[in-house]
Amino acid sequence: MADTIPETDTNALIKRRREELQELYNLNVQPYAYSFETDSNSKSIKSDFEKYEGKDVKIAGRLMAIRKMGKASFAQIQDEVGKIQIYLRKDEIHEQYTAFKLMDIGDIVGITGFVFKTRTGEITVHAKSLILLSKSLRPIPIAKEVVDENGNKKVFDQFADKELRYRQRYVDLIVNPEVKEVFLKRSKIISNMRRYLDQNNLVEVETPILQPLYGGAAARPFETYHNTLDMKLYLRIADELYLKRLIVGGFNGVYEISKDFRNEGMDKTHNPEFTMMEMYVAYKDYIWMMEFFENMIAFITKEVFGSTKFVIEENEIDFSKKWDRISMVDELKKETGLDVLTATNDELKNGIKKYNVSVEGLEGKGKLIDELFSVAVEPKLVSPTFVMDYPLELSPLAKKHRSKEGLVERFEGFVLGREICNAFSELNDPVDQLDRFTQQARFKTEGDEEAHAVDKDFIRALEYGMPPTAGLGVGIDRLVMLFTNQPSIRDVILFPQMRKEA
RNA sequence: GCACCCUUAGCUCAGUUGGCAGAGCAUCUGACUCUUAAUCAGCAGGUCGCCGGUUCGAGCCCGGCAGGGUGCACCA
């Protein structure tokens, strides 16, 4: 135990708390307890007050407000599920009251006491004992709130500095309860997705994050190095090529939920590491996958939110309905008058320019079509919509369309103009796949840094024979943003990437 | 990567034409045994992000740097 406490910080508030810590030691109070058994929490006491009234409870939490009135005090503690008021009297808890006077907002305490209602009607725990479980040496930002007669909460001086909130998420979580709500929702979305996939007999697997060759998407990778193997390794940009190897190996359905890494720009929809769900199912095609995805989203929304209906940015969205299905090429013709399959690159560029968007740096017909689509059509896809059948050169891992020349069997799901999934009938023809890789390799030598490399082992796997397969990828962070109505990916990632602190 | 905006007490924010650095909450001292943005009385709290320049004098004007935010570009 510390006899004297070394000073490490000059902040007056912290200095004061260190002095209090010393005073607590002097009073023989152990300021960092080993355990404390609770038997209830703030939420259940409030929701089942009739059951709890007059009964003893053991609760623990962080002191969030202290109102001292001489020889009696009210305080508020926050546990994992909410806040509750406690009432303390010096003539009942004696020397513990002396110790209490050395406690601060932010300290973690354990209380034993009985439940009652104050004169003004607030459910409160009348403490018979209050012990310190952890002394807080650093002051938390104090936000005060008042609830008006309509039950609306008004918060004063809310901890608002975005930088501090992201860097010190632990503080953000303590003082901004709605932040914790978002991450609880995120957790439920993922666990229910997993449950749905498991129920449909898909096997959860884990594939390498460290890869000698990256692939499965168009993106620039992070590079790292293995000392013993003396080789460069890449952090994966997608799970796709390994998961399809497992379909070759005889799994009928596999999925993986984990991080991918892309060494690219950051903004409100991009974090360098992000969570993907990818799944592959043998003997199915993209038509089957559309229905599977619809059902999965309906299941998740119902389980997590209790409803398939959402109001997001004033738009009503119902995930119980079948999604609209539109053809990319038909929709572009309807919207721009261009038949993109026969149009020249200049015609496509002119089409894009009509939307006041620069065509600088756009090379290749596929990228031009993609850009035209994203400016002309995507913003209009408010209600859930599958966009079907993409140009072949954009999709080197998707199977050629069974009837439409120049297209592949691929769909992307859009809600509120945002892409939330990407799927195709997987290319299982090794000869065609090698051709596509070879074409990508040519793009790469022509300067497209994001083009695929030739993955010879993947070709070898396909040569052994892969059944017809449907594949799907879902960006989990963006899905959570949509369902929780958060404007930035940083608000759905607990510890978003930041520059090093100054 | 480019453009614009922001950075003042632990937190939330004012700060006039360039002239002694301000408030509320939190902290501290005192009073108070049903308070709840507790109240009342008092005290204290600052490298104005950092470095340089202009000026008799800079939180304020100029330049650079750092961190953050927003938009664009790139992407999922």
Side-chain angles (χ1 to χ4, degrees), chain A residues 9-17 19-20 64-76 83-93 97 104-106 116-122 124 126 136-148 153-167 171 175 216-220 237-238 260-272 274-276 278 356-362 367 370-371 374 412 418-422 448-450 473-479 481 487-490 496 498-502:
Chain A
D9 208 307
T10 51
N11 178 290
L13 299 178
I14 293 173
K15 210 168 163 187
R16 170 63 197 161
R17 288 180 176 217
E19 286 165 11
E20 286 172 339
M64 296 302 282
I66 298 173
R67 295 183 281 275
K68 287 178 185 160
M69 296 172 303
K71 297 185 183 65
S73 294
F74 285 94
Q76 203 172 33
K83 292 180 185 165
I84 192 164
Q85 181 169 261
I86 59 173
Y87 179 52
L88 309 160
R89 293 169 61 109
K90 187 179 184 183
D91 60 4
E92 292 171 344
I93 62 169
Y97 198 83
D104 288 291
I105 290 173
F116 78 112
K117 224 177 231 183
T118 63
R119 213 162 51 189
T120 50
E122 177 149 355
T124 302
H126 187 134
S136 163
L137 295 179
R138 204 170 273 276
I140 58 170
I142 310 272
K144 298 207 170 188
E145 57 186 49
V146 62
V147 182
D148 68 18
K153 208 188 279 182
K154 201 172 170 189
V155 181
F156 298 84
D157 299 338
Q158 187 159 34
F159 181 49
D161 186 311
K162 283 256 169 85
E163 177 173 1
L164 292 178
R165 290 181 55 197
Y166 294 144
R167 283 194 197 281
V171 178
V175 301
R220 291 163 63 190
I237 58 171
D260 286 346
F261 306 84
R262 298 190 186 174
N263 203 342
E264 289 166 347
M266 294 163 59
D267 60 30
K268 66 181 179 178
T269 57
H270 298 82
N271 195 62
F274 60 103
T275 304
M276 277 291 288
E278 285 194 38
N356 294 321
V357 173
S358 162
V359 293
E360 195 81 15
L362 285 176
K367 289 202 173 181
D370 192 44
E371 180 66 18
S374 59
E412 293 189 334
R418 307 183 214 170
E419 181 199 328
I420 63 166
C421 74
N422 182 21
D448 185 348
E449 286 187 78
E450 293 170 348
V474 182
I476 299 296
D477 310 280
R478 291 182 180 180
L479 191 71
M481 282 170 69
S488 169
I489 198 167
R490 293 175 168 197
M498 303 285 274
R499 285 177 203 271
K500 66 176 187 232
E501 266 182 272

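Scope of the values below: all heavy atoms of this structure, side chains included, with no hydrogens, waters or symmetry mates. Residue numbers begin at 1 in each chain, while the letters A, B, ... track the order of the sequences.
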List the residues meeting salt bridge (Lys or Arg N to Asp or Glu O under 4.0 Å) with [X], not counting sequence neighbours, and say none if there are none.
X: A:Asp370; answer: none
X: A:Lys90; answer: none
X: A:Arg418; answer: A:Glu313
X: A:Glu412; answer: A:Arg410

Say you pick atom [atom1] in [N] and the same atom in [M]; how far apart are they, in whole Å?
N: B:U35; M: B:G46; atom1: C1'; answer: 34 Å
N: B:G49; M: B:A41; atom1: C1'; answer: 37 Å
N: B:G68; M: B:C74; atom1: P; answer: 23 Å
N: B:A58; M: B:G1; atom1: C1'; answer: 34 Å
N: B:C60; M: B:U47; atom1: P; answer: 16 Å
N: B:C13; M: B:C51; atom1: P; answer: 25 Å
N: B:A44; M: B:C56; atom1: C1'; answer: 33 Å
N: B:U17; M: B:G63; atom1: C1'; answer: 23 Å

[N] [atom2] sits how many Å from [X] [atom1], rounded?
X: A:Lys162; N: B:G49; atom1: NZ; atom2: C1'; value: 20 Å
X: A:Arg89; N: B:C34; atom1: CZ; atom2: C1'; value: 9 Å
X: A:Asn11; N: B:A44; atom1: CG; atom2: P; value: 18 Å
X: A:Ile84; N: B:U35; atom1: CD1; atom2: P; value: 18 Å
X: A:Met64; N: B:A38; atom1: CE; atom2: P; value: 12 Å
X: A:Lys268; N: B:A73; atom1: NZ; atom2: C1'; value: 15 Å
X: A:Ile14; N: B:G45; atom1: CD1; atom2: C1'; value: 14 Å
X: A:Asp267; N: B:G1; atom1: CG; atom2: C1'; value: 13 Å

Select from A:Val146 and A:Phe274 the residue whose nearest nucleotide in RNA chain B is closer to the 5' end of that strand.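 Nearer the 5' end of the strand: A:Val146.
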Side-chain ion pair, A:Glu19 and A:Arg16, N-O less than 4.0 Å: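 A salt bridge links A:Glu19 with A:Arg16.
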Ignoring the backbone of [X], work out which of [options] is nearest its side chain.
X: A:Asp157; options: B:C25, B:A76, B:A38; answer: B:C25
X: A:Phe156; options: B:A37, B:C34, B:C11; answer: B:A37
X: A:Glu419; options: B:A76, B:G67, B:U35; answer: B:A76

Heavy atoms only, 4.0 Å cut-off, all strands: where does A:Leu88 land among base, sugar-phosphate and nothing?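 A:Leu88: no heavy atom of the nucleic acid under 4.0 Å.
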What contact category does A:Ala160 fall into here, base, sugar-phosphate, or nothing, at under 4.0 angstrom with non-hydrogen atoms?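 The answer is sugar-phosphate, as A:Ala160 gets under 4.0 Å only of primed atoms, P, OP1 or OP2.
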Parsed dot-bracket for RNA chain B after applying the Watson-Crick and G-U rules with both distances under 3.5 Å and | for other-strand partners is (((((((..((((.....[..))))..((((.......))))......(((((..]....))))))))))))....
Which atoms of nucleotides 26-28 of chain B (N or O only) lie under 3.5 Å from a protein N or O atom, and what are those distances?
unit_1, atom_1, unit_2, atom_2, d
B:A26, OP1, A:Lys144, NZ, 2.7
B:C28, OP1, A:Glu20, OE2, 3.2

Partner residues of [X] under the side chain to side chain contact (heavy atoms under 4.5 Å, CB included) criterion, sequence neighbours left out:
X: A:Arg165; value: A:Phe159, A:Asp172, A:Asn176, A:Val179
X: A:Glu264; value: A:Ala219, A:Arg220, A:Arg262, A:Glu450
X: A:Glu371; value: A:Ile352, A:Val357, A:Leu362, A:Ser374, A:Val375

N/O (side chain, A:Arg499) to phosphate O (OP1/OP2, B:G68) under 4.0 Å: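 So the side chain of A:Arg499 is within the cut-off, an N or O lying under 4.0 Å from OP1 or OP2 of B:G68.
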